[in-house]
Amino acid sequence: QVQLVESGGGLVQAGGSLRLSCAASGRTFSSSAMGWFRQAPGKEREFVAAINFSAGYTYYADSVKGRFTISRDNAKNTVYLQMNILKPEDTAVYYCAASPSVTAMKYRNIDSWGQGTQVTVSS
(Lines give C-alpha, C1' and ligand atoms only; values in the text may rest on other atoms or scores of the structure.)
Protein backbone atom coordinates (compact mmCIF):
# COMPACT_ATOMS: atom_id res chain seq x y z
CA GLN A 1 0.00 0.00 0.00
CA VAL A 2 2.49 2.60 1.23
CA GLN A 3 6.17 1.84 1.46
CA LEU A 4 8.35 3.82 3.85
CA VAL A 5 12.13 3.91 3.77
CA GLU A 6 13.95 5.55 6.66
CA SER A 7 17.45 6.91 6.97
CA GLY A 8 19.52 9.21 9.16
CA GLY A 9 19.89 7.24 12.37
CA GLY A 10 23.21 6.90 14.11
CA LEU A 11 25.28 7.60 17.19
CA VAL A 12 25.45 11.09 18.64
CA GLN A 13 26.62 12.66 21.89
CA ALA A 14 24.16 14.17 24.33
CA GLY A 15 23.28 17.69 23.26
CA GLY A 16 23.89 16.90 19.63
CA SER A 17 21.51 16.70 16.69
CA LEU A 18 20.31 14.22 14.10
CA ARG A 19 17.93 14.50 11.18
CA LEU A 20 15.84 11.50 10.23
CA SER A 21 14.28 11.13 6.79
CA CYS A 22 11.44 8.93 5.60
CA ALA A 23 10.66 8.55 1.91
CA ALA A 24 7.19 7.31 0.98
CA SER A 25 6.20 5.51 -2.20
CA GLY A 26 3.23 3.60 -3.56
CA ARG A 27 -0.34 4.59 -2.78
CA THR A 28 0.07 7.61 -0.53
CA PHE A 29 -3.06 9.63 -1.33
CA SER A 30 -5.23 8.25 1.47
CA SER A 31 -2.34 8.18 3.94
CA SER A 32 -1.97 11.92 4.17
CA ALA A 33 -0.65 12.20 7.71
CA MET A 34 2.90 11.21 8.53
CA GLY A 35 4.60 10.74 11.85
CA TRP A 36 7.26 9.17 13.98
CA PHE A 37 7.21 6.65 16.81
CA ARG A 38 10.06 5.23 18.83
CA GLN A 39 10.70 2.10 20.85
CA ALA A 40 13.44 1.55 23.39
CA PRO A 41 14.48 -1.95 24.52
CA GLY A 42 11.93 -3.36 26.94
CA LYS A 43 9.56 -0.46 26.33
CA GLU A 44 6.36 -0.06 24.35
CA ARG A 45 6.41 1.83 21.10
CA GLU A 46 5.54 5.45 21.85
CA PHE A 47 4.32 8.34 19.77
CA VAL A 48 6.83 11.08 18.99
CA ALA A 49 5.45 13.51 16.40
CA ALA A 50 2.90 13.84 13.59
CA ILE A 51 2.19 16.21 10.72
CA ASN A 52 -0.77 16.60 8.38
CA PHE A 53 -0.60 16.75 4.59
CA SER A 54 -0.47 20.53 4.25
CA ALA A 55 2.06 20.78 7.10
CA GLY A 56 -0.24 23.30 8.75
CA TYR A 57 -0.65 21.19 11.86
CA THR A 58 1.93 19.37 13.94
CA TYR A 59 1.66 17.50 17.18
CA TYR A 60 4.43 16.40 19.54
CA ALA A 61 4.83 14.24 22.58
CA ASP A 62 5.60 16.27 25.68
CA SER A 63 8.95 14.53 26.05
CA VAL A 64 10.26 15.96 22.77
CA LYS A 65 8.34 19.22 22.45
CA GLY A 66 10.69 22.15 21.93
CA ARG A 67 13.57 19.89 20.89
CA PHE A 68 12.22 17.96 17.90
CA THR A 69 10.70 19.38 14.72
CA ILE A 70 8.71 17.40 12.17
CA SER A 71 8.42 18.66 8.61
CA ARG A 72 7.62 17.33 5.16
CA ASP A 73 8.33 17.92 1.50
CA ASN A 74 5.37 16.63 -0.47
CA ALA A 75 7.15 17.10 -3.79
CA LYS A 76 9.63 14.51 -2.58
CA ASN A 77 7.09 12.46 -0.60
CA THR A 78 9.44 12.75 2.34
CA VAL A 79 8.95 13.51 6.01
CA TYR A 80 11.74 14.63 8.32
CA LEU A 81 12.39 14.64 12.03
CA GLN A 82 14.96 17.17 13.17
CA MET A 83 16.15 16.15 16.62
CA ASN A 84 18.07 18.72 18.65
CA ILE A 85 19.47 18.74 22.18
CA LEU A 86 19.36 14.98 22.20
CA LYS A 87 19.33 13.16 25.52
CA PRO A 88 20.34 9.59 26.40
CA GLU A 89 16.67 8.83 27.04
CA ASP A 90 16.00 9.55 23.37
CA THR A 91 17.88 6.38 22.52
CA ALA A 92 15.49 4.09 20.65
CA VAL A 93 14.57 2.62 17.31
CA TYR A 94 12.64 5.30 15.45
CA TYR A 95 9.83 4.28 13.11
CA CYS A 96 8.20 6.32 10.40
CA ALA A 97 4.43 5.88 10.03
CA ALA A 98 1.69 6.79 7.56
CA SER A 99 -1.92 7.28 8.59
CA PRO A 100 -5.19 8.73 7.20
CA SER A 101 -4.95 11.63 9.65
CA VAL A 102 -3.17 12.89 12.73
CA THR A 103 -6.20 11.91 14.78
CA ALA A 104 -6.14 8.41 13.31
CA MET A 105 -2.46 8.17 14.15
CA LYS A 106 -3.22 8.98 17.79
CA TYR A 107 -5.51 5.94 17.81
CA ARG A 108 -2.74 3.84 16.23
CA ASN A 109 -4.63 3.53 12.97
CA ILE A 110 -1.47 3.09 10.93
CA ASP A 111 -1.44 2.17 7.24
CA SER A 112 2.29 1.52 6.99
CA TRP A 113 5.40 1.37 9.14
CA GLY A 114 8.98 1.98 8.18
CA GLN A 115 11.65 -0.56 8.97
CA GLY A 116 13.03 1.46 11.86
CA THR A 117 16.32 3.26 12.29
CA GLN A 118 18.48 3.17 15.41
CA VAL A 119 19.25 6.38 17.27
CA THR A 120 21.78 6.13 20.07
CA VAL A 121 22.63 9.09 22.30
CA SER A 122 25.69 8.76 24.50
CA SER A 123 26.49 10.72 27.65
> Of all heavy-atom pairs between Ser99 and Ala104, which one has the smallest distance, and what is that distance?
Replying inline: OG-CB, 3.4 Å
> With hydrophobic residues grouped by side-chain heavy-atom distances under 4.5 Å, do Met105 and Leu4 end up in a single group?
Replying inline: no
>> Side chains of Asn109 and Pro100, heavy atoms from C-beta outward: is any pair under 4.5 Å?
In response: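 In contact.
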>> Quick check: do Glu46 and Gln39 have side-chain heavy atoms less than 4.5 Å from each other?
In response: no
>> More than 12 heavy atoms of other residues, nucleotides or ligands under 6.0 Å from CD of Glu44: yes or no?
In response: no
> Quick one: salt bridge (Lys or Arg N to Asp or Glu O under 4.0 Å) pairs with a partner in residues 100-120, sequence neighbours left out?
Replying inline: none
>> Taking Trp113 as the starting point, is it possible to reach Val102 by hopping between hydrophobic residues whose side chains are less than 4.5 Å apart?
In response: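 Yes, Val102 connects to Trp113 through the hydrophobic network.
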Only pairs under 3.5 Å count here: list side-chain donor-acceptor contacts from residues 81-93, not counting sequence neighbours, and write none if there are none.
residue	atom	partner	partner atom	Å
Gln82	NE2	Asn84	OD1	3.0
Asn84	OD1	Ser17	OG	2.9
Asp90	OD1	Arg38	NH1	2.9
Asp90	OD1	Arg67	NH2	3.0
Asp90	OD2	Arg67	NH1	2.7
Asp90	OD2	Arg67	NH2	3.4
Asp90	OD2	Lys87	N	2.8
Thr91	OG1	Pro88	O	2.9
Thr91	OG1	Val121	N	2.9
Thr91	OG1	Val121	O	3.4

>> For the backbone of Asn77 and the side chain of Asn74, can you confirm whether one donor and one acceptor N or O come within less than 3.5 Å of each other?
In response: no
> Where the side chain of Gln1 meets the backbone of Ser112, is there a donor-acceptor pair that is under 3.5 Å apart?
Replying inline: no
> What's the verdict on side-chain contact (heavy atoms from CB on, under 4.5 Å) for Thr117 and Leu20, showing C-alpha distance, side-chain angles and the deciding distance?
Replying inline: CA-CA 9 Å; Thr117 184; Leu20 305 183; 4.1 Å; yes
> Given the rule that I, L, V, M, F, W and Y join up when any side-chain heavy atoms are under 4.5 Å apart, are Val2 and Met34 in one cluster?
Replying inline: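 Both belong to a single hydrophobic cluster.
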>> Strictly by disulfide (SG to SG under 2.5 Å), give each pair with a member in residues 27-76 just once, sequence neighbours left out.
In response: none
>> Applying ring-ring contact (aromatic ring centres under 6.0 Å, His included) as the test, list every pair that has at least one member in residues 39-88; sequence neighbours left out.
In response: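 Qualifying pairs, neighbours excluded: Phe37-Phe47, Phe47-Tyr59.
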>> Enumerate the disulfide (SG to SG under 2.5 Å) contacts for residues 34-98, please, sequence neighbours excluded, ordered by first and then second residue.
In response: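 Non-adjacent pairs meeting disulfide (SG to SG under 2.5 Å): Cys22-Cys96.
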>> Ignoring hydrogens, what is the shortest heavy-atom contact between Val79 and Ser71? Give both atom names and the distance.
In response: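 That would be CG2-O, 3.1 Å.
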> Within the distance-only criterion (no hydrogens, no angle test), does the side chain of Arg72 pair as donor or acceptor with the backbone N or O of Ser54 below 3.5 angstrom?
Replying inline: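 Side chain of Arg72 to backbone of Ser54: no pair is present.
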> Which pairs count as disulfide (SG to SG under 2.5 Å) when at least one residue sits in residues 25-91, sequence neighbours excluded?
Replying inline: none
